[in-house]
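These notes concern the structure reproduced below.
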Amino acid sequence: MKTSYKIILVLLVSVTLITSCSRKKNTFISRNYHALSARDNTLFNGYNALEEGRENLNQSYTDNYWEILPIERMQVFEEVTLPGQNKNESFSRAEEKAVKAIQKHGMNIQGKEYNYQIDEAYLLLGKARYFDQRFVPSLESFNYILYKYPASNKINQAKIWREKSNIRLENEELAIKNLKRLLDQEELDGQDLADATSILAQAYINTKSLDSALTQIDIASNATKSNDERGRYRFIQGQLYNALGDKDSANIAFDRVIDLNRSTPRMYLISAHIEKAKNFDYEEGDKLEFLELLTDLEENRENRPYLDKIYHQIAEYHLKNQSDSLALAYYNKSLRTDTNDKVLKAKTYEIIGDMKFIAAAYKSAGDYYDSTMTNMVVNTKPYRVIKRKRDNLEDVILYEDIAKNNDSIIRLVSLSKEDKLAFFTKHVEKLKEEAEKEQEKAEAAERNKGIVTTNNSFGNTPALGGKDSRGGSTPGQGSSFYFYNPTTVAYGKSEFFKDWGNRKLEDDWRWSSNTNSGINASEENPAIANASEVELYDPQFYIDQIPTEEKVVDSIIKERNFAYYQLGLIYKEKFKEYPLAKIKFTELLNNNPEENLVLPSKYNLYKIYQLLGEQGEADFTKKDIITNYPDSRYATILNNPEAANLEDENSPETIYKNLYNQFENQEYVKVLSDIEKYIIAFEAEAIVSKFELLKATATGRLYGYEAYKKAINFVALNYANTPEGQRAQDLSTNALPKMAKKEFASDSLNGNYKVLYKFNTANTEEITSFVKTLKEVTAHVPHYKLSTSVDVYDPETTFVVIHGLKSIDGAKGFAYILRDEDRSKITKPSIAISSTNYQIVQIHKNLDDYTKAQQL
């Protein structure tokens, strides 16, 4: 009986407790039950998920120390997150817990919330949405706290996080206003003060008010409880001082970061050292002490993950001290660390490229600029600057290669038969030696294929660095370390040789331009690339590849001379490398160049001598030009320098202008007859490409599509590095395929139509008289706005064209819309045609095909 009472009592108590924990009853038990359940269960798990997500964000985020760091480590993505999507599962889970706490433990009774943990749930909800980069919903959560829970102890945090969301939404002015009000009205301290002032500093940084940001970041660094944050804030403070040009104050801020030592992430410590090094005064500072500091950073084992930046800074030190070779060595060390800092890599490649450029190693500079661009964001301003530099090197690289290759061929041509045989016998012997070495390595690799280690501590054989039975060390015996095992080393060397060929031990060995294999170098010649093994080791085979025909040799010499002339111009005009330009023009003149290259080369040398202050050489060259070329425009300029400022009717520019005017007047035959001699006369001038493009266009207007296509492709191929060549390539790629259509369009009810009258081009008087008559009679045609033109069709045929007819019937019956007295004046046969078909006829010169189609 007593047992039954106990059971009943327990049931009654349980029912009482359950009913008293209702979310709709404002009781002591109910309030505390839901508050504790929300805090210790749902919100606890939610905040754990939030911290897990924040940790993932910090690990995945990479700071750009080349710019002022953001206060908060969070990468903001531009793509829009749709409802139901999330970027991080941890934040999604934190949001779910916050919503669960609100739904299951909220005690909203008659508009008032009695669970004192619900404001915490809304704060968690806002933070989860914020870190998931859904800033508008997060803003709503924080605003809800401010609206519904004005007495909450989390109210200041909600205000701070609301302004963080505003800043992410680019509402900096509003955030500054609200944060300043918060700091004025509330006595914040501790982490709340640090959070408010740090985010206010971020708003000032975003609005470029760096001096105001300095004050706030200093307060935040003193107030924060986290040494991680303190180190970051102090570092940002130093960056702000640097941006304002106050290096002394910046160094003090960086010293404060360094003083934190292991209390803050080492990245801040190293970066502070690097920033201080950038501020070093090379005129007044103690260079020896500074170098010792950099060396200590380099040798400290704890700094190994940051050697890329340390090496780069040491390189900067040597570069400032004019020790270019040491600087280059350290820049390459920085690159060999395989750094993940793309900005650092881009800067390093660019600096080395500039060093190569200054040393006039333009081909090598081009390679470094290529590497620079691969580490930059495409189409940004810095990218475009480097691309412009690289594009300017295209011509010099092209012509240097032509000059080098053709010089080699010409030297071989000039050798006697015995010297050629001796040269290629030596070359073949070298090839045989390389082939034998390669065969030996391949055989060694085959014998040891699959072997990675041998005698690796089996039985009583001790491993490397271990002890034998007597306690002595036995290095080199039974080693598992790769480089102590001769068989695996041989295998590795063989694999490297197969992949990369024979490379010197030097920087940038991976570039194909650094290959030293004679066989690889010969692959540019198809005959050698496809040669049999017997032919490859026969000196006579190579001798037979040397050109012997006078016409071919002359072409190679001419191409080489033109390359030298272009290089001289490029070095003089583009790069202002006057000594290099002088060398190229002098070598060109020593090579007995074509007559059209001699005079412009001498004139350019005269200008270079003046720029270099070599007045004696300049006077001698001037006298040579005036004496030997008295009728040239260069002699005219030298005799009367003031006249050079006036327009010269014989200058290439004036001649081109006159030719272009003739082209616009449809004098295509005259343009083509005159332009050829000017192309020959100005062959060494940069304007030749303009003449060639004009020639191609005139050819197309006169002879049609096929001739135009051939001429445009010639310009694109032979003048590829000029604006005209690039324009021709664009026409070949984009315009020619559209012009290729030859099928005539069917006539429609609506459109533009023309009437054609054919004349022999030579009958200019007849054409002029007919046009005058046409203008008179068309003036009497009502309801039409008719006009006439004279269009060249081909060298023998010219059209007189009436424009403005709106139907094919109207065009065919044009004579019938004239007055009776006008109709008798126009008796010549006509052809009616649509504007579309007229364009096809002019492009393809296929009027006969059109007239036949109309007769069917």
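When a residue number appears, it is its place in the shown sequence, counting from 1.
Leu214 is listed as a side-chain neighbour of Leu244, based on a closest heavy-atom distance under 4.5 Å. Here the side chains of Ile252 and Arg256 are in contact, with some heavy-atom distance below 4.5 Å. Contact of the Leu200 side chain with the Leu183 side chain is registered, since non-hydrogen atoms from C-beta on lie closer than 4.5 Å. Counting only heavy atoms from C-beta outward, the side chains of Ser141 and Arg129 approach each other to under 4.5 Å. A heavy-atom distance below 4.5 Å is found between the side chains of Gln157 and Lys127. Between Tyr330 and Glu316, every side-chain heavy-atom pair lies at or beyond the 4.5 Å cut-off. Counting heavy atoms from C-beta on, the side chains of His312 and Ile351 come closer than 4.5 Å. For the pair Phe254 and Asn242, the minimum side-chain heavy-atom distance is below 4.5 Å.
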For a side-chain contact (heavy atoms from CB on, under 4.5 Å) check, start with the C-alpha distance between Gln239 and Glu67, then their side-chain angles and the critical distance, and finish with the verdict. CA-CA 8 Å; Gln239 288 183 308; Glu67 298 176 353; over 6 Å; no
Using the salt bridge (Lys or Arg N to Asp or Glu O under 4.0 Å) rule, take Arg234 and Asp259 through it: C-alpha gap first, then chi angles, then the decisive distance, then the call. CA-CA 11 Å; Arg234 289 295 187 197; Asp259 290 341; over 6 Å; no
Decide side chain to side chain donor-acceptor pair (under 3.5 Å) for Asn279 and Glu275; before the verdict, give the C-alpha distance in whole Å, the side-chain angles of both, and the deciding distance to 0.1 Å. CA-CA 7 Å; Asn279 292 337; Glu275 292 300 321; 5.8 Å; no
Apply the test side-chain contact (heavy atoms from CB on, under 4.5 Å) to residues Tyr65 and Ile274: give CA-CA distance (whole Å), side-chain angles for both, the deciding distance (0.1 Å), then the verdict. CA-CA 10 Å; Tyr65 287 85; Ile274 297 297; over 6 Å; no
Working for salt bridge (Lys or Arg N to Asp or Glu O under 4.0 Å), residues Asp367 and Lys356: CA-CA 10 Å; Asp367 290 332; Lys356 297 291 184 183; over 6 Å; no
Would Asp184 and Lys180 count as a salt bridge (Lys or Arg N to Asp or Glu O under 4.0 Å) if you check the C-alpha gap in whole Å, the side-chain angles of each, and the deciding distance to 0.1 Å? CA-CA 6 Å; Asp184 288 340; Lys180 288 174 70 176; over 6 Å; no
Gln237/Asp218 under side chain to side chain donor-acceptor pair (under 3.5 Å): CA gap, chis, key distance, verdict: CA-CA 7 Å; Gln237 187 179 25; Asp218 185 58; 3.3 Å; yes
Set out, in order, the CA-CA distance, both residues' side-chain angles and the distance that settles side-chain contact (heavy atoms from CB on, under 4.5 Å) for Lys159 and Ile145, then state yes or no. CA-CA 9 Å; Lys159 289 179 180 180; Ile145 298 173; over 6 Å; no
Take Asn321 and Leu326 through the side-chain contact (heavy atoms from CB on, under 4.5 Å) test and state the conclusion after the steps. CA-CA 10 Å; Asn321 279 336; Leu326 279 173; over 6 Å; no
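To the nearest 0.5 Å, atoms OG1 (Thr295) and CD (Glu292) are separated by 7.5 Å. Atom NZ of Lys345 is separated from atom OG of Ser334 by 9.5 Å, given to the nearest 0.5 angstrom. In this structure, OH in Tyr233 is found 13.0 Å from CG in Leu240, a value given to the nearest 0.5 Å. Note: Asn156 CG to Glu186 CD = 4.5 Å, rounded to the nearest 0.5 Å. The CD1 atom of Ile160 sits 12.0 Å away from the CG atom of Asn178 when rounded to the nearest 0.5 Å. With values rounded to the nearest 0.5 angstrom, Lys342 atom NZ is found 15.5 Å from Lys347 atom NZ.
Inspection of the Gln191 and Asp195 side chains reveals an N or O donor paired with an N or O acceptor under 3.5 Å. Checking Asn166 against Glu163 by side-chain atom types alone, a donor-acceptor pair falls below 3.5 Å. Between the side chains of Asn261 and Arg266, not a single donor N or O lies within less than 3.5 Å of an accepting N or O.
A salt bridge between Asp63 and Arg232 is present, with a side-chain N of the basic residue lying under 4.0 Å from a carboxylate O of the acidic one. In summary, Asp281 and Lys247 do not engage in a salt bridge, as defined by a charged side-chain N under 4.0 Å from a carboxylate O. A salt bridge links Glu72 with Arg168: the distance from a Lys NZ or Arg NE/NH1/NH2 to an Asp or Glu carboxylate oxygen falls below 4.0 Å. The existence of a salt bridge linking Lys333 and Asp308 is excluded, since no basic side-chain nitrogen approaches an acidic carboxylate oxygen closer than 4.0 Å. Salt bridge Arg262/Glu302: present, at least one basic N to carboxylate O contact under 4.0 Å.
Side chain of Thr207 to main chain of Tyr204: a donor-acceptor pair is present (N/O by atom type, distance under 3.5 Å, no hydrogens or angles). Side chain of Arg390 to main chain of Gly366: a donor-acceptor pair is present (N/O by atom type, distance under 3.5 Å, no hydrogens or angles). Looking at Ser226, its side chain does come within 3.5 Å of a backbone N or O of Glu229 through a donor-acceptor pair. Between the side chain of Gln202 and the backbone N or O of Ile71 there is at least one donor-acceptor pair closer than 3.5 Å. Remark: the backbone N or O of Leu193 is paired with a side-chain donor or acceptor of Thr197 at under 3.5 angstrom. Checked by atom type and distance alone, the side chain of Thr348 pairs as donor or acceptor with a backbone atom of Leu344 at under 3.5 Å. The main-chain N or O of Asp246 is never found under 3.5 Å from a side-chain atom of Ser249 such that the two would form a donor-acceptor pair. Of the possible polar contacts, none joining the Gln313 side chain to the Leu294 backbone as a donor-acceptor pair under 3.5 Å is found. With hydrogens and angles disregarded, no donor-acceptor distance shorter than 3.5 Å links the side chain of Asn300 to the backbone of Asp296. Proximity of a side-chain donor or acceptor of Asp286 to a complementary backbone N or O of Leu288 within less than 3.5 Å is detected.
Taking all atoms of both residues into account, the shortest heavy-atom contact from Ala243 to Leu210 is CB-CD1, 3.7 Å. Counting all heavy atoms, side chain and backbone alike, Leu139 lies closest to Ser165 at CD1-CB, 3.8 Å. The heavy-atom pair separating Tyr369 from Glu350 by the smallest distance is CE2-O, 4.0 Å. Shown here for Met355 and Asp324, the closest heavy-atom pair between the two residues is CE-O, 3.6 Å. Considering every non-hydrogen atom in both Lys309 and Met267, the closest pair reads CE-CE, 3.3 Å. A pairwise comparison of heavy atoms in Asp228 and Tyr268 identifies O-CE1, 3.6 Å as the closest pair.
Seen from the ring of Trp66, Lys278 counts as a face-on cation partner, given the 6.0 Å and 45° thresholds.
Ring geometry for Tyr317 against Tyr282 counts as tilted: the plane angle lies between 30° and 60°, on a 0 to 90° scale. Ring geometry for Phe142 against Trp161 counts as tilted: the plane angle lies between 30° and 60°, on a 0 to 90° scale. Using cut-offs of 30° and 60° on the angle between ring planes, the pair Tyr130 and Phe135 is perpendicular.
A search for side chain to side chain donor-acceptor pair (under 3.5 Å) contacts involving Arg384 returns nothing, not counting sequence neighbours.
A 6.0 Å sphere centred on NZ of Lys576 holds more than 12 heavy atoms belonging to other residues, nucleotides or ligands.
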